[in-house]
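What you are looking at is a predicted structure, and each value in this text was computed from that prediction instead of being measured.
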Amino acid sequence: MKIKSAEFVVSNSEVSKCPKDNLPEYAFIGRSNVGKSSLINMLTDRKSLAKTSGRPGKTQLINHFIINKNWYLVDLPGYGYARVSKSSKKKFQQFITNYFEQRQQLLSAFVLVDIRHKPQPIDLEFMQYLGESEMPFAIIFTKADKLKPKAIERQVQEYCDVLLQTWEELPPYFVTSSSNSIGKDDVLGFIGKTNDEIEELKNN
């Protein structure tokens with residue numbers, strides 16, 4: 001899939017104020033230092049569509065971007081390690097939960113994981129929450145340029161082994177790097193295929 005247009009639409013903290021046109025949505029979420037904004041900018045070929053920051057936890061709202069006029073990329077606040085007050089963290093963690101439980105247009109979440117680290121309990125717990133909520137999701141391993149190919153293989157395999165201890169089957173996963181566009185076509189291809197399948201269901 002080729003991205004021809006990518007535009008910011010709205011930021012808010014209430015699901016009721018999200019766009020109401022029923023276009024498909026794909027939500028990107030991960031720990032607050034995982035490189036989410038850089039990944040979104042890489043996928044969309046826009047240098048500053050999502051705001052990047054040296055300070056983790058900058059995204060604190062539900063951010064909708066309309067892509068190719070026919071689907072939404074949703075940038076969600078990171079979980080864990082954000083330098084915000086406990087009351088602020090509790091507030092935006094609640095609207096993340098509300099978003100996942102109430103947003104019917106959401107077709108898939110993408111959970112971002114830094115490929116350099118061992119499986120972290122906070123990420124595994126969040127994936128467990130998505131599974132229990134029957135929310136489809138895929139894993140995006142970020143920062144693959146920081147490791148050699150063999151190390152990438154080992155890290156991915158370790159993650160898969162840990163997941164299979166509690167999951168019957170693995171979710172889709174993608175290895176990416178924002179600095180050299182590794183995985184870009186794979187992620188966009190997955191979204192394009194999902195959109196096509198939904199369109200086909202509508203027409204049948």
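Linking ILVMFWY side-chain heavy atoms closer than 4.5 Å, directly or via other members, places Phe110 and Ile40 in a single hydrophobic cluster. Put simply, Leu39 and Leu61 are part of two different groups of oily side chains (I, L, V, M, F, W, Y) that touch within less than 4.5 Å, one to the next. Val9 and Trp71 fall into different hydrophobic clusters, where Ile, Leu, Val, Met, Phe, Trp and Tyr residues are linked whenever their side-chain heavy atoms come under 4.5 Å apart, directly or through other members. Linking Ile, Leu, Val, Met, Phe, Trp and Tyr whenever their side-chain heavy atoms come within less than 4.5 Å leaves Ile66 and Phe8 in two separate clusters. Clustering ILVMFWY residues whenever any of their side-chain heavy atoms sit less than 4.5 angstrom apart, transitively, puts Ile139 in a cluster other than the one holding Val187.
The ring of Phe126 has its center closer than 6.0 angstrom to the ring center of Phe100. Checked against a 6.0 Å centroid threshold, the rings of Phe137 and Trp167 count as neighbours.
The shortest side-chain heavy-atom distance between Glu7 and Thr44 does not fall under the 4.5 Å cut-off. Counting only heavy atoms from C-beta outward, the side chains of Met135 and Leu106 approach each other to under 4.5 Å. In this structure, Val74 and Arg103 have side chains that are not in contact, with every pair of non-hydrogen atoms separated by 4.5 Å or more. Contact annotation: the side chain of Asp186 never approaches that of Val175 to less than 4.5 Å [non-hydrogen atoms, C-beta and beyond]. Proximity of Gln128 to Glu132: side-chain heavy atoms (C-beta onward) are separated by under 4.5 Å at one or more points. Asp45 places none of its side-chain heavy atoms less than 4.5 Å from the side chain of Ile3. When side chains are defined from C-beta on, Glu158 counts as touching Pro119, because their heavy atoms get closer than 4.5 Å.
Summarising the geometry, atom CG belonging to Asn22 is positioned 8.5 Å from atom CD belonging to Gln104; distances are rounded to the nearest 0.5 Å. To the nearest 0.5 Å, atom CG of residue Leu49 and atom CG of residue Asp75 are 9.0 Å apart. To the nearest 0.5 Å, atom NZ of residue Lys202 and atom CD of residue Glu197 are 13.5 Å apart. Here CD1 of Ile115 is found 10.0 Å from CD of Glu153. Values are rounded to the nearest 0.5 Å. Ile67 CD1 to Ile191 CD1: the interatomic distance, rounded to the nearest 0.5 Å, is 8.5 Å. With rounding to the nearest 0.5 Å, the separation of CZ in Phe190 from CG in Asn195 is 10.0 Å.
Between Ala138 and Ser108 the shortest heavy-atom distance is N-OG, 4.1 Å. Counting all heavy atoms, side chain and backbone alike, Ser5 lies closest to Lys69 at OG-N, 3.9 Å. Summarising the geometry of Lys36 relative to Leu112, their closest heavy-atom pair is CA-CD2, 3.5 Å, with the distance given to 0.1 Å. In terms of heavy atoms, His64 sits closest to Cys18 at CE1-SG, 3.4 Å. Taking both residues in full, the closest heavy atoms of Lys143 and Val34 are given as CE-O, 3.5 Å, listed atom of the first, atom of the second, then distance. What you find for Thr142 and Asp114 is that their closest heavy atoms are OG1-CA, 3.5 Å.
Listed for the Asn41 side chain is a donor-acceptor partner under 3.5 Å among the backbone atoms of Ala50. No donor-acceptor distance shorter than 3.5 angstrom exists from the side chain of Ser177 to the backbone of Ala144, with no hydrogens or angles considered. Side-chain N or O atoms of Asn68 include none that pairs as donor or acceptor with a backbone N or O of Asn70 at under 3.5 Å. Side-chain atoms of Gln155 come within 3.5 Å of backbone N or O of Arg116 as a donor-acceptor pair. Under the 3.5 Å distance criterion, the side-chain polar atoms of Thr176 are matched with a main-chain donor or acceptor of Phe141. Here the side chain of Gln120 pairs a donor or acceptor atom with the backbone of Lys118 at under 3.5 angstrom.
In this structure, a donor-acceptor pair under 3.5 Å is present between the side chains of Tyr72 and Asp21. Counting only N and O atoms by type, the side chains of Tyr99 and Glu25 include a donor and acceptor under 3.5 Å apart.
Residue-environment remark: NZ (Lys20) exceeds the threshold of 12 foreign heavy atoms within 6.0 Å. Atom OH of Tyr173 is surrounded by 12 or fewer heavy atoms from other residues, nucleotides or ligands within 6.0 Å. Taking a 6.0 Å sphere around CG of Asp185, one finds it holds 12 or fewer heavy atoms contributed by other residues, nucleotides or ligands.
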query = Gln157 and Asp161: side chain to side chain donor-acceptor pair (under 3.5 Å), yes or no, with the steps?
reply = CA-CA 6 Å; Gln157 188 59 54; Asp161 290 345; 2.8 Å; yes
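Checking Leu76, Leu73, Val111 one by one against Phe28, the side-chain contact (heavy atoms from CB on, under 4.5 Å) holds for a single residue, Leu73.
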